[in-house]
Amino acid sequence: MTAAPYNYNYIFKYIIIGDMGVGKSCLLHQFTEKKFMANCPHTIGVEFGTRIIEVDDKKIKLQIWDTAGQERFRAVTRSYYRGAAGALMVYDITRRSTYNHLSSWLTDTRNLTNPSTVIFLIGNKSDLESTREVTYEEAKEFADENGLMFLEASAMTGQNVEEAFLETARKIYQNIQEGRLDLNASESGVQHRPSQPSRTSLSSEATNVKDQCSC
Amino acid sequence: MEELLNDVVPQEDLERFEKKYHHEQELDGEVSTETKFEYAFCLVRSRYTNDIRKGIMILEELARLHPDGRRDYIYYLAFGNARIKNYTEGLKYCRAFLEIESNDQVRSLEEYIKKQSDKEIAKGMAVAGGAALVLGGILAIAMAKNNRNRDK
């Protein structure tokens, strides 16, 4: 992917986790490319995606690590949890087993991230209403009990995909504003970039400021 | 792709899976496929070339003996080779993979390796070109001297 011609104020690290085949990579693809990936093979190990968003007039670069759901990668992908500011935990509303495994994914997340990490639960494939196995109410209750944010989404239609990624960022940003997230801690998953390019900066960031509105 | 290739495994993870590997080796005399893969997955993401080479060796063995996980092994063989700038090998594994399965993840690794390898070739040509210029210069001086000597 080419470097976006933007300046940004923050970098937030996200991870996407959940069982195999729930649509993690499709959600990421829909978010970064605004397209549905029709036949999406199993992710090998880890994939990476990035997009710059805006919260409160601040530009935030999301660095998103999309982990493989296959069991054989479970132990080794744990190292990607460290230092995540946001964790998107995904299940498939048409497969109850993927919902039943959430508590184990949640345990991993809690153990491997820090207390301020924002965890967002996504019930994917909401377009497949006729084969639904998990009700909205049930999942909402689980989310509330565990203090998670929650939405049902569809990587295929795009419904609620933006919302899930953006609301996570808003919550992280809010945590920063309220001092609940220590920016100096290496594991916070957030890097702050000065908004004004300094005189000494010679990166593309400085030269591209005036191109911000090129569409 | 660059982010993935530049990302380095945390030392404690590498050590944990290394310990597991040696533990099984001592205890049972052989290491399970799962443990071998976990260790190799960490090794190819190490910052040290020797670790990466070791990871590649383990993955080569796994790919030869265990067809069921082959796509994972082949991808990380391409990945490891790309990280130590073994671009020809890396491309070979990407192509082998893509012959069996169409896959965007592998395609973007392939594209990245191609780009890097083209850059290296261009660099090599620049160096060779520079060397030719220097050599040409030396020859020119030598010839000029020769001519001058003859003129005397």
Side-chain angles (χ1 to χ4, degrees), chain A residues 1-4 11-16 20 24-26 28-30 32-33 35-52 61-84 108 111-113 186-187 189 191 204, chain B residues 1-21 32-46 55 59 62 66 68-80 93-94 97-98 100-109 111-112 115:
Chain A
M1 205 171 291
T2 52
I11 299 177
F12 290 177
K13 176 185 171 179
Y14 279 20
I15 49 163
I16 313 181
M20 185 167 87
K24 297 180 289 298
S25 300
C26 291
L28 174 61
H29 195 79
Q30 178 63 257
T32 56
E33 309 290 322
K35 265 187 282 192
F36 178 60
M37 214 173 8
N39 48 11
C40 180
H42 295 312
T43 302
I44 308 162
V46 187
E47 263 276 56
F48 182 83
T50 173
R51 192 179 132 185
I52 292 175
K61 182 176 186 174
L62 300 183
Q63 292 185 333
I64 309 155
W65 300 86
D66 168 30
T67 62
Q70 281 172 291
E71 189 55 38
R72 59 186 330 202
F73 286 109
R74 185 84 186 253
V76 280
T77 47
R78 287 200 175 104
S79 52
Y80 292 93
Y81 286 62
R82 236 161 288 155
D108 272 6
N111 287 341
L112 298 162
T113 60
S186 62
E187 310 261 289
Q191 291 172 47
S204 57
Chain B
M1 201 73 238
E2 210 163 343
E3 287 88 351
L4 281 170
L5 286 155
N6 289 339
D7 183 55
V8 170
V9 65
Q11 194 59 26
E12 53 178 296
D13 282 7
L14 178 58
E15 281 167 15
R16 195 172 62 245
F17 289 105
E18 185 169 40
K19 219 178 263 173
K20 193 177 167 197
Y21 182 92
S32 67
T33 312
E34 180 202 357
T35 304
K36 275 184 192 164
F37 177 61
E38 288 170 348
Y39 183 36
F41 181 83
C42 293
L43 284 169
V44 294
R45 288 159 53 235
S46 168
L59 288 168
L62 287 169
H66 303 279
D68 25 309
R70 201 165 273 163
R71 71 194 282 279
D72 302 333
Y73 308 143
I74 290 180
Y75 175 78
Y76 278 101
L77 277 166
F79 186 91
Y93 284 115
C94 285
F97 189 113
L98 291 171
I100 302 165
E101 179 189 314
S102 166
N103 187 303
D104 284 343
Q105 195 180 350
V106 179
R107 214 165 288 123
S108 58
L109 178 59
E111 272 164 31
Y112 179 84
K115 221 188 281 167

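Protein chains get the first letters and strands the later ones, always in sequence-line order, with residue 1 at the start of each.
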Task: Qualifying residues under salt bridge (Lys or Arg N to Asp or Glu O under 4.0 Å), relative to B:Asp104, sequence neighbours excluded - done: B:Arg107

Open item on the list: Which atoms of A:Ser25 are under 4.5 Å from chain B, going by heavy atoms: the side chain, the backbone, both sets, or neither?
Closed with: neither

Task: Flag, side chain of A:Thr67 to backbone of A:Val46, donor-acceptor distance under 3.5 Å - done: no

- [ ] Report the residue from A:Asp66, A:Ile16, A:Ile64 that forms a side chain to side chain contact (heavy atoms under 4.5 Å, CB included) with A:Glu47.
- [x] A:Asp66

Open item on the list: Between B:Tyr76 and chain A, with a heavy-atom cut-off of 4.5 Å, which part of the residue counts as in contact: side chain, backbone, both or neither?
Closed with: side chain

TODO: Check the pair B:Tyr75 / B:Phe97 against ring-ring contact (aromatic ring centres under 6.0 Å, His included), numbers first and verdict last.
DONE: CA-CA 7 Å; B:Tyr75 175 78; B:Phe97 189 113; 7.0 Å; no

TODO: Heavy atoms only, distances under 4.5 angstrom: which of A:Ile44, A:Asn39, A:Val76 has the most pairs with chain B? Name it, please.
DONE: A:Ile44

Open item on the list: Is B:Glu34 close to chain A through its backbone or its side chain, or both, or neither, when contacts mean heavy atoms under 4.5 Å?
Closed with: neither

Expected list for residues 13-21 of chain B: side-chain donor-acceptor pairs under 3.5 angstrom, two or more places apart:
residue : atom : partner : partner atom : Å
B:Asp13 : OD1  : A:Arg82 : NH2          : 3.1
B:Asp13 : OD1  : B:Arg16 : NH1          : 3.4
B:Asp13 : OD2  : A:Ser79 : OG           : 3.2
B:Glu15 : OE2  : B:Gln11 : NE2          : 3.4
B:Glu18 : OE2  : B:Tyr39 : OH           : 3.0
B:Lys20 : NZ   : B:Glu38 : OE1          : 2.8

- [ ] Flag the one option from B:Glu2, B:Arg71, B:Glu111 with the top tally of heavy-atom pairs under 4.5 Å to chain A.
- [x] B:Arg71

Task: Heavy-atom pair count under 4.5 Å with chain B, highest-scoring of A:Ala75, A:Ala68, A:Cys40 - done: A:Ala75

